[in-house]
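All remarks here apply to the structure that follows.
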Amino acid sequence: MTDAAALPGQPRGGVLTGPATARAVNVLAPNPSAMTLDGTNTWILSEPGSDLAVVVDPGPLDEGHLRRVVATAEQAGKRVALTLLTHGHPDHAAGAARFAELTGTRVRALDPALRLGDEGLAAGDVITTGGLELRVVPTPGHTADSLSFHLPADQAVLTGDTILGRGTTVVAHPDGRLGDYLDSLRRLRSLTVDDGVHTVLPGHGPVLEDAQGAVEYYLAHRAHRLAQVETAVEDGYGTPAEVVAHVYADVDRSLWPAAELSVRAQLDYLEEHGLI
């Protein structure tokens, strides 16, 4: 068995559902897959002693899951007062409209198409609900609308799919762009260096105890893959599918379609920078 402390980001062992920090509780959605890992993490955030809660990423349109999220909050003496989205992929956002019906809340997101209510989300926004403070951090790259949420009181950041609790994420070309993603990782690294963030509350997988280590691993991984793709093109692998078969030969074939999205994003990046 591998020691979790030796893995990138030091993933926390144990059951994923339940309290993660003083202000964050996870309710795991029942949608496990190769892409969603154990399932989508739906986060309930609340200031200790407050009767109000914020939910981040209600998850898929699964009535049982949505009702479990409401019940979990209510059992803790909390009323869900606001719903936030890290991005619009269905495994995070498809249940948001129904969840808003169940809770009577607004849904705030970067993408206007995902919002329910007049308020969206933008870089630098500070959300305060029941004494809880969340700071909106733009982290495009996985998708154009990806956001993270800095939870200063817990020295934590909710990263959606920008950083996962296990493995690495997809740059979902053409909406996702590698240059944006690298900038987002550097932005998250600055939170770990300048703002004391040490815990990652990801959209999938376990909590990470070493936020800076996770970011550094992601940056190194991306640099390594980019170099591999560049070399593959130089060696005559001409199409994204050919590059995937060569560079990702050690990856489960079921993940190759997702890997091809990242390869397309990497090829665009290399072309934009005059490297191929």
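The shown structure was predicted, so the numbers you read here are calculated from the model rather than taken from an experiment.
- Ring-plane geometry between Y217 and H221 is classed as parallel, the angle between the planes falling under 30 degrees on a 0 to 90 degree scale with a further cut at 60.
- With sequence neighbours left out, the salt bridge (Lys or Arg N to Asp or Glu O under 4.0 Å) criterion links D62 to no other residue.
- Judged by distance alone, the side chain of S50 and the main-chain N or O of S46 form no donor-acceptor pair under 3.5 Å.
- Each of I163, L158, N41 was compared with L201 under the side-chain contact (heavy atoms from CB on, under 4.5 Å) criterion, and only L158 meets it.
- Side-chain atoms of H204 and D91 include a donor-acceptor pair closer than 3.5 Å.
- Remark: the backbone N or O of D57 is paired with a side-chain donor or acceptor of T42 at under 3.5 angstrom.
- Side-chain contact between L267 and V229: present, with at least one pair of heavy atoms (C-beta onward) separated by less than 4.5 Å.
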N/O donor to acceptor pairs below 3.5 angstrom from side-chain atoms of residues 121-133, sequence neighbours left out:
residue : atom : partner : partner atom : Å
D125    : OD2  : A122    : N            : 2.8
E133    : OE2  : R135    : NE           : 2.7
E133    : OE2  : R135    : NH2          : 2.9

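- The main-chain N or O of Y269 is found under 3.5 Å from a side-chain atom of H273 such that the two form a donor-acceptor pair.
- In this structure, the salt bridge (Lys or Arg N to Asp or Glu O under 4.0 Å) partners of R98, at least two apart in sequence or on a different chain, are E63, E101.
- Not a single donor-acceptor pair under 3.5 Å links the side chain of D161 to the backbone N or O of H142.
- For D38, the salt bridge (Lys or Arg N to Asp or Glu O under 4.0 Å) partners are R166, not counting sequence neighbours.
- For the residue pair N31 and T40, a side-chain donor N or O sits within less than 3.5 Å of a side-chain acceptor on the partner.
- Between the H173 side chain and the Q266 main chain, no donor and acceptor come within less than 3.5 Å of each other.
- In this view, E74 satisfies the salt bridge (Lys or Arg N to Asp or Glu O under 4.0 Å) rule with no residue, not counting sequence neighbours.
- Not one N or O on the side chain of R106 forms a donor-acceptor pair closer than 3.5 Å with the backbone of T83.
- In the model, S146 has no side-chain atom that pairs as donor or acceptor with a side-chain atom of T162 under 3.5 Å.
- Side-chain heavy-atom separations under 4.5 angstrom define the hydrophobic clusters, and the remaining members of the one that includes L28 are L16.
- Of the possible donor and acceptor atoms, one in the side chain of W256 sits under 3.5 Å from a partner among the backbone N and O of Y248.
- Between F149 and L45, the closest side-chain pair of non-hydrogen atoms is not below 4.5 Å.
- Here the side chain of D252 pairs a donor or acceptor atom with the backbone of S254 at under 3.5 angstrom.
- In terms of modelled atom types and a separation under 3.5 Å, the side chain of D154 and the main chain of T21 share no donor-acceptor contact.
- A donor-acceptor contact shorter than 3.5 Å links the side chain of R187 to the backbone of P138.
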